[in-house]
Amino acid sequence: MKKVFYICLAVFFTTGISLFYLIDKNYLTLKSKFNEQNINGSISINSDDERVVLEKDYKLDNEKLNINLDIGNVTIEKYDGSVIKIKSTIPQKSMRDYKINEENRELSIDGSIAEEIVIKIPRDKMLKGNINVGVGNIRAENLKNAIIGLSTGDFEAKNIDGFQKVNLNLGSIKISTSKNISIIKLGTGDITLDIIEQNRDFLIENGMGDVDLNINNMFDGKIETHVGLGDIRETNMKANGNKYNGTVELGTGDLSIEGVDYNGKEIN
């Protein structure tokens, strides 16, 4: 009788441990599947022992995108579609810290580590963007009134309607086919800016590295340059207006400023 009792006890104990392990291992996936009943849109979840991939559609009437990550790569791109799509690849161990909230017409993404986050925005939609990443790379388009904070990594952007601030400590900044920069700050690295329209005051600061600024409209203002150690080259830039003020400060490196050239006509 005792033998049967101990066998039953062992089976019960082993079954309990196995069940606990199974639930713990798949807790995040089970939790996500349970919560999806009250979420609009579609969601698919794929997971392995190292990472979880989340895919979900979000409402088109969202107006702002907030992202806060310690480590990760973020890509924001336009596509031919009618909803906002987010695909997240997250290390399994970081899933407990990863959250996406949709509230008051704002999409907010918060987490510690993200292997990759890809956000697809319909081609004719612009979102206000506030993106902060500790270490990683950011690629963005179809944002407006953007605020970008990055400690270490590269930032590339195009088709942005207004940069309130871009702040990067170490890496590179490359902005093309965008409008109206306000504040661009880089500690160490290169800055390349191709601005199709500049109609506001701006400040560019780079501690160490090159700055290449190209303004493609008749900038109605003045541009002051301060270079500690390096060369300055200006091409077609005769900005003598009085409406706006531009300032470029460079510690060490070469500065290149280029404006438009309308068949040799002077730019006033």
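Along the sequence shown, residues are numbered consecutively beginning with 1. Bear in mind that the values here come from a model prediction, so they are computed numbers and not experimental data.
In this structure, the side chain to side chain donor-acceptor pair (under 3.5 Å) partners of Ser108, at least two apart in sequence or on a different chain, are Asn66. With sequence neighbours left out, the side chain to side chain donor-acceptor pair (under 3.5 Å) criterion links Asn130 to Asn132. With sequence neighbours excluded, the residues that form a side chain to side chain contact (heavy atoms under 4.5 Å, CB included) with Leu168 are Leu150, Ile173, Leu186. A search for side chain to side chain contact (heavy atoms under 4.5 Å, CB included) contacts involving Ser112 returns Asp70, Ser94, Asp97, not counting sequence neighbours. By the side chain to side chain donor-acceptor pair (under 3.5 Å) test, Thr188 is found to be paired with no residue, residues two or more places apart in sequence or in another chain being considered. The side chain to side chain donor-acceptor pair (under 3.5 Å) search around Glu258 returns none, not counting sequence neighbours.
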Check step by step if side chain to side chain contact (heavy atoms under 4.5 Å, CB included) holds for Val211 and Ile184. CA-CA 11 Å; Val211 174; Ile184 308 290; over 6 Å; no
Would Lys56 and Ile86 satisfy side chain to side chain contact (heavy atoms under 4.5 Å, CB included), going step by step from the backbone distance to the final call?
CA-CA 6 Å; Lys56 188 177 184 300; Ile86 300 180; 5.7 Å; no
| task | Applying side chain to side chain contact (heavy atoms under 4.5 Å, CB included), run through Ile117 and Leu69 and close with a yes or a no. | result | CA-CA 10 Å; Ile117 299 174; Leu69 292 174; 3.6 Å; yes
Determine, stepwise, if the pair Gln92 / Glu50 fulfils side chain to side chain contact (heavy atoms under 4.5 Å, CB included). CA-CA 5 Å; Gln92 184 83 305; Glu50 298 180 354; 5.9 Å; no
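One hydrophobic cluster, built from ILVMFWY side chains closer than 4.5 Å, holds both Ile232 and Ile257. Ile160 and Met126 are members of different hydrophobic clusters when ILVMFWY side chains are connected at heavy-atom separations under 4.5 Å. Residues Tyr58 and Leu65 share a hydrophobic cluster, clusters being chains of Ile/Leu/Val/Met/Phe/Trp/Tyr side chains in contact below 4.5 Å. No single ILVMFWY cluster, assembled from side-chain heavy atoms under 4.5 Å apart, contains both Ile90 and Ile113. The hydrophobic cluster containing Val83 does not contain Ile100, counting ILVMFWY residues as joined when their side-chain heavy atoms lie under 4.5 angstrom apart, directly or transitively.
Under the salt bridge (Lys or Arg N to Asp or Glu O under 4.0 Å) criterion, the residue pairs touching residues 108-128 are Arg51-Glu115, Glu77-Lys120, Asp80-Arg123, with sequence neighbours excluded. Applying the salt bridge (Lys or Arg N to Asp or Glu O under 4.0 Å) test to residues at least two apart or on different chains, none of the pairs has a partner in residues 170-194. Annotation: ring pair (Phe, Tyr, Trp, His ring centres under 6.0 Å) contacts involving residues 157-207, sequence neighbours excluded, comprise Phe202-Phe219. Screening residues 227-246 for ring pair (Phe, Tyr, Trp, His ring centres under 6.0 Å) gives no qualifying pairs among residues at least two apart or on separate chains. Screening residues 221-232 for side chain to side chain donor-acceptor pair (under 3.5 Å), with sequence neighbours left out, gives no hits. Applying the salt bridge (Lys or Arg N to Asp or Glu O under 4.0 Å) test to residues at least two apart or on different chains, none of the pairs has a partner in residues 196-219.
Counting heavy atoms from C-beta outward, Asp220 and Asn199 have side chains that stay 4.5 Å or more apart. For the pair Asn214 and Asn216, the minimum side-chain heavy-atom distance is below 4.5 Å. At a threshold of 4.5 Å between non-hydrogen side-chain atoms, the residues Ile76 and Ile131 count as touching. Counting heavy atoms from C-beta outward, Val74 and Ile109 have side chains that stay 4.5 Å or more apart. You'll find the side chain of Ile119 reaches within 4.5 Å of the side chain of Ile67, heavy atoms only. Using a 4.5 Å heavy-atom cutoff, the side chains of Leu127 and Leu143 are in contact.
Donor-acceptor pairing under 3.5 Å is lacking for the side chains of Thr75 and Arg139.
When all heavy atoms are compared, the tightest approach of Lys59 to Ile84 is O-CD1, 3.5 Å. The minimum heavy-atom distance linking Gly149 with Ile138 is given by the pair O-CD1, 4.5 Å. Taking both residues in full, the closest heavy atoms of Pro122 and Leu60 are given as CG-CD1, 3.4 Å, listed atom of the first, atom of the second, then distance. Closest heavy-atom contact between Ala157 and Phe155: CB-CZ, 3.5 Å. In plain terms, the two heavy atoms of Gln164 and Ser182 that are nearest each other are O-CB, 3.3 Å.
The environment of CG in Asp61 is crowded: more than 12 heavy-atom neighbours from other residues, nucleotides or ligands sit within 6.0 Å. Shown here is Lys78, whose NZ atom has more than 12 heavy atoms of other residues, nucleotides or ligands within 6.0 Å.
In terms of modelled atom types and a separation under 3.5 Å, the side chain of Asn217 and the main chain of Gln198 share a donor-acceptor contact.
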